[in-house]
*Asks:* 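Quick one: the structure is below, questions incoming.
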Protein chains: 2
Amino acid sequence: MESKIFQEFLSRRGLKLTKERMSVLRQIFSIHGHFDPEHLYLSIRDSDMKASRASVYRTLNLLVESGLVERITRSDKGNVYEHTYGHRHHDHMICTACGEVIEFFSEHLEDLQKMICEQHQFAGTTHTLEIRGNCKACQKRKK
Amino acid sequence: MESKIFQEFLSRRGLKLTKERMSVLRQIFSIHGHFDPEHLYLSIRDSDMKASRASVYRTLNLLVESGLVERITRSDKGNVYEHTYGHRHHDHMICTACGEVIEFFSEHLEDLQKMICEQHQFAGTTHTLEIRGNCKACQKRKK
DNA sequence: TCTGAATTGCAACTCAATCTCAATATCAGT
DNA sequence: ACTGATATTGAGATTGAGTTGCAATTCAGA
Ligand SMILES: [Mn+2]
Ligand SMILES: [Mn+2]
Ligand SMILES: [Zn+2]
Ligand SMILES: [Zn+2]
């Protein structure tokens with residue numbers, strides 16, 4: 001599972017799976033859904049497995065590099081992440097009125113992107129598709 | 001053209017098209033391609049049409065709201081923009097090795113996104129699709 | 001020309017994220 | 001178990017893009 005993968009990723013770079021890194025990994029994979037670094041840090045601080053803010057940020061970057069975690073959004077107010085291991089890839093719709101996030105997946109969309117990459121002889125590895133607009137509830141509320 | 005549109009956008013909000021705002025608008029539409037706020041500011045400072053850094057940022061936000069300019073990317077090192085008026089909408093592939101940006105457009109992709117929005121009863125207005133990977137040149141260089 | 005609202009530039013401020021660095025932990029070789 | 005080389009940590013300092021407060025200035029309309 002995820003700690004094994006992280007372990008291997010780290011040793012391949014001459015790094016160690018310390019208890020602080022383990023804390024971050026654990027916490028992230030216990031969270032259902034999206035999270036930001038500050039809340040992640042606070043939830044770790046308030047648990048029994050401690051890690052400093054610096055270590056949380058450092059580990060988060062390592063996890064992104066390892067592919068276990070993805071950065072979903074970068075906003076003025078900071079970044080939002082989610083763990084991807086164990087989840088099917090998906091993209092996001094974000095309501096600019098209430099902030100709601102809708103997750104969606106389309107095989108067709110993925111295939112199409114692959115084709116477009118081929119056309120441009122581009123070796124795509126990851127992508128982020130973010131559709132902004134208004135959710136159903138906010139559409140009604142505006143009328 | 002663009003100044004007319006901006007003009008109308010501003011007056012609709014009780015704002016004025018001042019010479020500082022005009023400077024920013026002019027400079028942006030004289031740039032071919034992507035730009036960041038700091039370079040925009042510097043190029044304005046070094047031209048004959050002056051505007052402070054604060055005004056540049058403030059105007060940039062107004063231009064985004066008006067739809068004449070889009071924010072393409074938000075990175076650690078700051079945001080990147082491009083003007084959209086006069087250009088067909090397109091998305092971006094970004095080479096994580098050399099930073100090259102490839103612009104592309106697919107009618108099919110756009111249609112598909114519309115369909116997906118409908119399925120989720122989401123009123124999409126804008127989207128950002130960013131495909132990361134390696135450009136042709138960097139693929140060769142790595143071998 | 002008078003008046004109120006909008007605008008400007010500067011500097012102070014915000015705040016997520018990174019960095020510095022001394023203390024500490026880890027591990028391989030002896 | 002001792003030793004040196006390397007990796008890691010946490011606390012606080014620092015960075016830097018972007019925002020904001022505010023006094024002076026511009027502007028449009030009466
Ligand atoms: Mn998600
Ligand atoms: Mn572009
Ligand atoms: Zn909403
Ligand atoms: Zn490249």
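So that the names make sense, note that chain A is the first sequence line, chain B the second, and so on, each numbered from 1.
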*Asks:* When you check the phosphate oxygens OP1 and OP2 of C/dT7, does a side-chain N or O of B/Arg58 lie under 4.0 Å from one of them?
*Replies:* no

*Asks:* Any ion pair linking A/Glu82 and A/Arg71 (charged N to carboxylate O, less than 4.0 Å)?
*Replies:* no

*Asks:* If only side-chain N and O atoms of B/Thr18 are considered, is one of them under 4.0 Å from the OP1 or OP2 phosphate oxygen of D/dC27?
*Replies:* no

*Asks:* From the set C/dA5, D/dG12, C/dG9, return the single nucleotide nearest to any side-chain atom of B/Glu20.
*Replies:* C/dG9

*Asks:* Any side-chain N or O of A/Ser55 below 4.0 angstrom from OP1/OP2 of D/dG10?
*Replies:* yes

*Asks:* Carefully, step by step, assess A/Arg58 and A/Val24 under the rule side-chain contact (heavy atoms from CB on, under 4.5 Å).
*Replies:* CA-CA 10 Å; A/Arg58 287 189 282 233; A/Val24 176; over 6 Å; no

*Asks:* Taking any heavy-atom pair under 4.0 Å as a contact, classify A/Asp36: base, sugar-phosphate, or nothing.
*Replies:* nothing

*Asks:* Looking at A/Glu65 and A/Arg13, does any basic side-chain N land under 4.0 Å from a carboxylate oxygen?
*Replies:* yes

*Asks:* Given D/dG18, is OP1 or OP2 found less than 4.0 Å from the side-chain N or O atoms of B/Asn79?
*Replies:* yes

*Asks:* Does the side chain of A/Asn61 get closer than 4.0 angstrom to OP1 or OP2 of C/dA17 through an N or O atom?
*Replies:* no

*Asks:* With a 4.0 Å cut-off on N to O distance, would you call B/Arg132 and B/Glu130 a salt bridge?
*Replies:* yes

*Asks:* Below the 4.0 Å mark, does D/dG18 have OP1 or OP2 next to a side-chain nitrogen or oxygen of B/Tyr57?
*Replies:* yes

*Asks:* What nucleotide among C/dC19, D/dG18, C/dA17 has an atom nearest to a side-chain atom of A/Pro37?
*Replies:* C/dA17

*Asks:* Looking only at N and O atoms, is any donor in the side chain of A/Arg53 or the base of D/dG12 less than 3.5 Å from an acceptor on the other one?
*Replies:* no

